[in-house]
Amino acid sequence: MMQIEINHLNQYYGEKQVLYDINLSISTGMFGLLGRNGAGKTTLLKTLVTLLPTKDGDIRMNGIGLHDQKKIRSIIGFLPQDFSMYGNMTAYQALDYLAVLSELDKKTRRARIKELLNQVNLTIHKNVKVKAMSGGMKRRLGIAQALLNNPKILVVDEPTAGLDPEERLRFRNLLAEVSESKIVLLSTHIVGDIEAAAENVAILEKGRIIFSDSIEELLLNAQGKIFSVQIPRTELNVAKRQVKIISLQQEGNTSHLRFIGNPNAQIMCHPLVVEERPTLEDAYLYLLLMKDVE
Ligand code: ADP
């Protein structure tokens, strides 16, 4: 059983504070860190993988404190957002080079790389140069390098950005598979990235955790709050002033709205208003949009 404990973490760039009193407890499986761009996700992940120094707060991984940098790094694999490597090398060469740096002997390297290429589905592309790979292939190679030392914790930052839908799906499946035996901590602004495989989720907004619990709880939180209605397009502007709209589809002169309910809004009395079962996207937007109101 793996465990990450974060207590009262504040983080700064110089004088500028970007994380405020972060408290999180993360155990084996996939954990999603959701938040808009600029919320502080990358900062939190870089802090955890010891790329940013800390002065406030206590972070432990299986009991090991961050100050024991060498030990921490030996149990973590990291795929940064701006990952790129050795464009002129082939996938195999790049992994082998990194394995040499990790001081793995030749026999171990060969076996490990074979296993990893297979796991990330790059075996048939092992002789393709990194610079000739698609975004999805590069990202999968990134996972292979992060898994090289068989880490107990895999940290991935916005891994599906820039991938096409098929690559995204394949990548999500790969992470789900890895999370069966490790902590996979995944940051994203795309709810779909965590929908299928994550059990727990934290939502970061302006440097603060505004939610941390199971996906089930996140959904329950939005229960009874999400509605839909069809109205003539001409009434759309009036509706927009009354409620927060989650999605909008226009069909001829009719507007289909999905929105967050507001007991005081007149539109709630519209005969065609229907309560909807919240999706994860609804539940996430509900939290974010209600936070804006406060
Ligand atoms: P996210 O990953 O959620 O998009 P970041 O952690 O990258 O968020 O950024 C959080 C905040 O910190 C943003 O306001 C960003 O502008 C700021 N920031 C990020 N990197 C630096 C840096 N190196 N120096 C100063 N401010 C930074």
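Atoms within each ligand, like the ligands themselves, are counted from 1 in listed order.
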> In terms of heavy-atom contacts, does CD of Gln223 have more than 12 from other residues, nucleotides or ligands at under 6.0 Å?
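Buried by this count: over 12 neighbours within 6.0 Å.
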> Taking distance alone, with N or O pairs closer than 3.5 Å, would you say Thr42 contacts ligand 1?
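Yes, Thr42 has an N/O under 3.5 Å of an N/O on ligand 1.
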> Looking at ligand 1, does Gly38 have a heavy atom less than 4.0 Å from it?
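Checking ligand 1 against Gly38, which is what was asked, there is a heavy-atom contact under 4.0 Å.
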> Any Lys/Arg nitrogen of Arg172 or Asp193 sitting under 4.0 Å from an Asp/Glu carboxylate oxygen of the other?
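So Arg172 pairs with Asp193 through a salt bridge.
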> Answer yes or no: is there an ion pair linking Arg170 with Glu167, defined by an N-O contact shorter than 4.0 Å?
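No salt bridge links Arg170 with Glu167.
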> Verify, without hydrogens or angle tests, whether Ser102 (side chain) and Leu104 (backbone) share a donor-acceptor contact under 3.5 angstrom.
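No: the side chain of Ser102 does not pair with the backbone of Leu104.
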> For Asn37, take its heavy atoms, then give the atoms of ligand 1 lying under 4.0 Å from any of them.
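Per the distance check, 4 (O).
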> Please report the interatomic distance CZ(Phe227) to NE2(His270), rounded to the nearest 0.5 Å.
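One finds 14.5 Å between CZ of Phe227 and NE2 of His270.
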> Which ligand 1 atoms, with their elements, are less than 4.0 angstrom from a heavy-atom of Lys41?
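In order of numbering, the contacting atoms are 1 (P), 2 (O), 3 (O), 4 (O), 6 (O), 8 (O).
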> For atom 19 (C) of ligand 1, grab the closest protein heavy atom and report residue, atom and distance to one decimal in Å.
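Checked against all protein heavy atoms, atom 19 (C) of ligand 1 sits closest to Tyr13 CE1, 3.5 Å.
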> Starting from atom 6 (O) of ligand 1, what is the nearest protein heavy atom, named by residue and atom, and what distance separates them?
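Going atom by atom, the protein heavy atom closest to atom 6 (O) of ligand 1 ends up being Thr43 OG1, 2.5 Å.
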> State whether a side-chain donor-acceptor pair under 3.5 Å links Gln242 with Asn262.
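The answer is no; no qualifying pair exists.
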> Looking only at protein heavy atoms, which one is nearest to atom 8 (O) of ligand 1, and what is the separation?
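For atom 8 (O) of ligand 1, the nearest protein heavy atom comes out as Gly40 N, 3.0 Å.
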> Should you measure from each heavy atom of Ala39, which atoms of ligand 1 turn up under 4.0 Å away?
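Matching atoms, with element in brackets: 1 (P), 3 (O), 8 (O).
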> Looking at ligand 1, is there an atom of it that comes within less than 4.0 Å of some heavy atom belonging to Lys46?
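Flag not set, Lys46 not near ligand 1.
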> So does Asn127 have more than 12 non-hydrogen atoms from other groups sitting under 6.0 Å from CG?
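Counting neighbours around CG of Asn127, more than 12 heavy atoms of other residues, nucleotides or ligands fall under 6.0 Å, so yes.
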> If you have a sec, work out which protein heavy atom is nearest atom 17 (C) of ligand 1 and how many Å separate them, to one decimal?
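Heavy-atom neighbour on the protein nearest atom 17 (C) of ligand 1: Lys16 NZ, 3.5 Å.
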> Run the numbers for me: atoms of ligand 1, each under 4.0 Å from some heavy atom of Arg36, listed by number.
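Heavy-atom distances to Arg36 below 4.0 Å select 3 (O).
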> Ligand 1 versus Gln81, non-hydrogen atoms closer than 4.0 Å: side chain, backbone, both, neither?
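Under 4.0 Å from ligand 1, Gln81 contributes no heavy atoms.
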> With a cut-off of 6.0 Å (strictly less than), are more than 12 heavy atoms of other residues, nucleotides or ligands near OH of Tyr97?
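For Tyr97, atom OH is not crowded (no more than 12 foreign heavy atoms under 6.0 Å).
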> Find the distance between CG (Leu34) and CG (Leu186) and round it off to the nearest 0.5 Å.
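It is 8.5 Å, given to the nearest 0.5 Å.
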> N/O to N/O below 3.5 Å, does that happen between Val18 and ligand 1?
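No; every N/O pair is 3.5 Å or more apart.
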